[in-house]
Protein chains: 2
Amino acid sequence: MLSKKTKYGLKALTFIARTGSDLPVQVGEIAKGENIPQKFLESILLTLRKAGILGSKKGKHGGYYLRKDPSEILMTEVMRVLEGPIAMVPCVSLNFYEKCDDCPDEHACSVNKLMIQVRDSTLEVFRNTSLKDLSVRENEK
Amino acid sequence: MLSKKTKYGLKALTFIARTGSDLPVQVGEIAKGENIPQKFLESILLTLRKAGILGSKKGKHGGYYLRKDPSEILMTEVMRVLEGPIAMVPCVSLNFYEKCDDCPDEHACSVNKLMIQVRDSTLEVFRNTSLKDLSVRENEK
DNA sequence: TATTAATCCTATCAATTTAGTAGGGTTTGC
DNA sequence: GCAAACCCTACTAAATTGATAGGATTAATA
């Protein structure tokens, strides 16, 4: 299951991208527009800023803005920051690898084999989808 | 993350399939062979039996056996029984659909759009993978 | 028919994760 | 200087996970 954190984070990024401007967008505005609890959203945007995806401006007329063009913000990056590993088991994770304590031999493990396939197909979707793709509205296609 | 329940369930099914026989396999044997807590595994196999994937024989010399040929047991079925919805959000689930309480319009939702793609690519892997595929050992390819 | 070995079933539980909330501190524009 | 924004830490209730406990039921066999 996708966490609310990730879901809200994606919606917020889309919201910012859809403004189409470089001016900072305020948390309150996003929270209102996307029905997200403001305090929770604050912590999510902070995570995205610390990961280098968002920039922020403090004080009056402050807010968050994208550090790169939406077309250069790939879902692989966003998902790893918000949701963590893309793989469903650590033993097939590219960025967060960990050995299973039960499995004596990974290459003989049927779960390993299956989850590599799932990882690769999911990865292909994320690699080929940018924030720009997310932010295009249906009626603009 | 894949739950231990699903992981253990897949390993157990693979174990049974690899015996290549129709004779019931005992829980204790599987638990020992795959390093799975026996009591936990019991409850998992029970789930798989109630879902019609496994059959069981009670009493002495009892155990669990596959109800179908491994080539006919698809990962779509197994994963739905053990892990639940394949989709990462209920609003794109084919078998467990639910509307989001926040989203006013699903078709305008960027998360929805992305998660449909993930669902479809994952689904394709599961549809094209049977228990037979899982149970083939590397050196037998 | 008694014993044993297996599945079946319900209940409980500790640890972890999730989805927030609370309460300020800090910075900036006007 | 003050209001409006981000920044940061700590806490918490509810749900889920990964088991464990304890026995009820069933079937083979000696």
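What you are looking at is a predicted structure, and each value in this text was computed from that prediction instead of being measured. Residue numbers begin at 1 in each chain, while the letters A, B, ... track the order of the sequences.
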Kindly determine whether A:L48 and A:L82 satisfy side chain to side chain contact (heavy atoms under 4.5 Å, CB included), including the steps that lead there. CA-CA 8 Å; A:L48 288 167; A:L82 292 173; 3.9 Å; yes
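The closest donor-acceptor contact from the side chain of A:K113 to the backbone of B:V136 lies under 3.5 Å. A distance-only check finds a donor-acceptor pair linking the side chain of A:T129 to the backbone of A:V125 [under 3.5 Å]. In this structure, A:K99 contributes its side chain and A:C103 its backbone to a donor-acceptor pair below 3.5 Å.
Annotation: proximity of residues 22-34 of chain A to DNA chain C (heavy atom, distance under 4.0 Å) is found for no residue. Near DNA chain C, meaning a heavy atom under 4.0 Å from it, residues 44-51 of chain B has B:L46, B:R49, B:K50 in order of number.
For the side-chain contact (heavy atoms from CB on, under 4.5 Å) test with A:L10, the passing option among A:M75, A:K5, A:E34 is A:M75; the others fail.
With contacts defined as side-chain heavy-atom distances shorter than 4.5 Å, the pair B:D133/A:L114 does not qualify.
For A:E42, there are no salt bridge (charged side-chain N to carboxylate O under 4.0 Å, His left out) partners at least two apart in sequence or on another chain. Considering only residues two or more places apart in sequence or on other chains, B:D102 meets the salt bridge (charged side-chain N to carboxylate O under 4.0 Å, His left out) condition with A:K7, A:K11. By the side chain to side chain contact (heavy atoms under 4.5 Å, CB included) test, A:I116 is found to be paired with A:V92, A:N112, A:R119, A:D120, residues two or more places apart in sequence or in another chain being considered. B:K68 pairs by the side chain to side chain donor-acceptor pair (under 3.5 Å) definition with B:E77, not counting sequence neighbours. Looking at residues two or more places apart in sequence or on another chain, you find no side chain to side chain donor-acceptor pair (under 3.5 Å) involving B:T76.
Between B:S135 and B:A17 the shortest heavy-atom distance is CB-CB, 3.9 Å. Nearest approach of B:L41 to B:A12, heavy atoms of both residues: CD1-CB, 3.9 Å.
For residues 80-110 of chain A, the set of pairs meeting the ring pair (Phe, Tyr, Trp, His ring centres under 6.0 Å) definition, not counting sequence neighbours, is empty. For the ring pair (Phe, Tyr, Trp, His ring centres under 6.0 Å) condition, the pairs that include at least one residue of residues 13-64 of chain A, sequence neighbours left out, are A:Y8-A:F40.
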Mark up nucleotides 11-17 of chain C, 5' to 3', with B wherever a protein heavy atom is under 4.0 angstrom from a base atom, S wherever such an atom reaches only the sugar-phosphate, and - elsewhere. -------
Determine, for nucleotides 20-30 of chain C in 5'-to-3' order, which nucleotides have protein heavy atoms under 4.0 Å from the base (write B), from only the sugar-phosphate (write S), or from neither (write -). SB-BB--BBSS
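The span of DNA chain D lying next to chain A, judged by atoms under 4.0 Å from heavy atoms, is bounded 5' to 3' by D:dA4 to D:dC8.
Taking atom CG of residue A:L2 and atom C1' of nucleotide C:dA19, one finds them 14 Å apart after rounding to whole Å.
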